[in-house]
Protein chains: 2
Amino acid sequence: MSEMTQIAATEARPYHHGDLSRALVEAARRILETEGPAALSLRAVAREAGVSPAAPYHHFKDKGELLDAVAHEGWHALDAALTEARSKSVDSKDRMTGLGVAYVRFARDNPALYRVMYDCSRDKDALPDQMKEEGAYCQVRNTIDERTGGTASPIDLELATIAAWCAGHGLAEMISFKQFAPLKEALGGEEAFLRGVFEHLGMFAKLDQA
Amino acid sequence: MSEMTQIAATEARPYHHGDLSRALVEAARRILETEGPAALSLRAVAREAGVSPAAPYHHFKDKGELLDAVAHEGWHALDAALTEARSKSVDSKDRMTGLGVAYVRFARDNPALYRVMYDCSRDKDALPDQMKEEGAYCQVRNTIDERTGGTASPIDLELATIAAWCAGHGLAEMISFKQFAPLKEALGGEEAFLRGVFEHLGMFAKLDQA
DNA sequence: AGATGCATCTTGACGGCGTTCAGATAGATG
DNA sequence: CATCTATCTGAACGCCGTCAAGATGCATCT
């Protein structure tokens, strides 16, 4: 009996359905992966989770709040992807480029999730709050800080992080554009294309210092 | 009589309403500016133009095609903004940065229109077709080509253009994020912030060449 | 154990959306 | 003037997000 309760607690089914909010977020991610962002309606999520269309309103204020929860998971996943990329490149020389490549790859491999993440951010005109103190954004900043040996001023460090983040985001949103296909092929694949673009980001700085 | 016809032809009112497709695009832009992208429904556009909800379907296949027309105007407007920026900076030293600043300013001043432009592109996984031969993208490429004195290889020129474009787009989408407000203030305004970010874009190239 | 309370879920409804189709309208053509 | 045809309307369909009222059943207290 107490074992049953234990199992129930582990599975966290507090009431009728059992941790519906978690089930809804999982259903949403399932829909995102299989049918894309356009199919992600609140009703479809409820359907996928096997509950009525009104059920989600006992766990989320509105559709936006459910998407926020999905986006939150997305940021954690991105964080994990960047952590792995950072740990893999022992050579600090191309650690920044490797980080950029990992970022864009995450977006390319999870396009629907990435879209939800940024749509939520735009609705609030802000990145997730936690990112400034920890998480993906912080990893980029730390990597830059390491690379410069901690010599950069706080303002320069912040500017450089923002610059890197913007470049990564821009490339992430355009990597799949058809116009770039010939160039990708000419360079021998997407990886080379990605590195090529990142290495050309110096053009502003390089040119204006010449 | 022929004068009337002339006027009518000038105003281009072929049938009942009179150049409804143009009126619809204008109505859409009006809604975008006053109420934002979320309010841009096909029905609202028809309402604003004073026609029934079904009328637009005689001029556009669906909502997406109307948005395409709006986006098309947006790309022309961006083109004009970049042309002006390019002509203003006689000094070629900061012409690239000036172009970047103009790009981001356009996005900041026309956020709803800019959003529609990129949403349409993402739906088709492609930038507008004309951009590779003329228009805004081409202006960036030409500016880079001038700056390097035409010494860059075609592939490098293309990569540099894409890099600049991605950086501009990324910054355009995040310029309004609240987290950057303190930094903007510390630098004495948005213009300085913008230039600061652009000048730090060299970090990939600079670091990896050290 | 039984009654009470309350979080949870369902049912049904409302207005708005994109889209379609049959029919009305009216400029253009002969 | 008659006809043709592009244009527009009205009504309808199924979907959406959201809400209010009522049913359900776990948890707690006596």
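Numbered from 1 within each chain, the chains take letters A, B, ... in sequence-line order.
Side-chain contact check for A/V104 versus A/F198: some heavy-atom pair is nearer than 4.5 Å.
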Is there a side-chain hydrogen bond (donor to acceptor under 3.5 Å, both in side chains) between A/T83 and A/Q139 once you walk through the steps?
CA-CA 8 Å; A/T83 300; A/Q139 292 208 47; 2.7 Å; yes
Run A/E146 and A/R86 through side-chain contact (heavy atoms from CB on, under 4.5 Å) and show every step you take.
CA-CA 12 Å; A/E146 287 170 20; A/R86 213 148 76 111; 3.3 Å; yes
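The aromatic rings of A/Y103 and A/Y114 sit perpendicular, their planes meeting at an angle over 60°, well past the 30° parallel limit.
If you run side chain to side chain contact (heavy atoms under 4.5 Å, CB included) between B/L113 and each of B/E73, B/R29, B/E33, only B/R29 comes through.
Sorted by first and then second residue, the pairs that involve residues 170-187 of chain A and meet salt bridge (charged side-chain N to carboxylate O under 4.0 Å, His left out), not counting sequence neighbours, are A/E173-B/R122, A/K184-A/E190.
The separation between A/R43 atom CZ and C/dA13 atom P is 13 Å, rounded to whole Å. Nucleotide D/dG25 holds its P atom 16 Å from the CG atom of A/L20, rounded to whole Å. Look at CG on B/L40: it is 15 Å from C1' on C/dG16, rounded to the nearest Å. Separating the CG atom of A/L24 from the P atom of D/dG17 is a distance of 13 Å, rounded to the nearest angstrom.
Using a 4.0 Å cutoff on non-hydrogen atoms, the parts of residues 45-55 of chain B near DNA chain C are B/R47, B/P53, B/A54, ordered by number. Near DNA chain C, meaning a heavy atom under 4.0 Å from it, residues 57-74 of chain A has A/H58, A/H59 in order of number.
Across A/P37 and A/L32, no two heavy atoms sit closer than the pair CA-CD2, 3.7 Å.
Salt-bridge formation is detected for the pair A/E84/A/K88: a Lys NZ or Arg NE/NH1/NH2 atom is positioned less than 4.0 Å from an Asp or Glu carboxylate oxygen.
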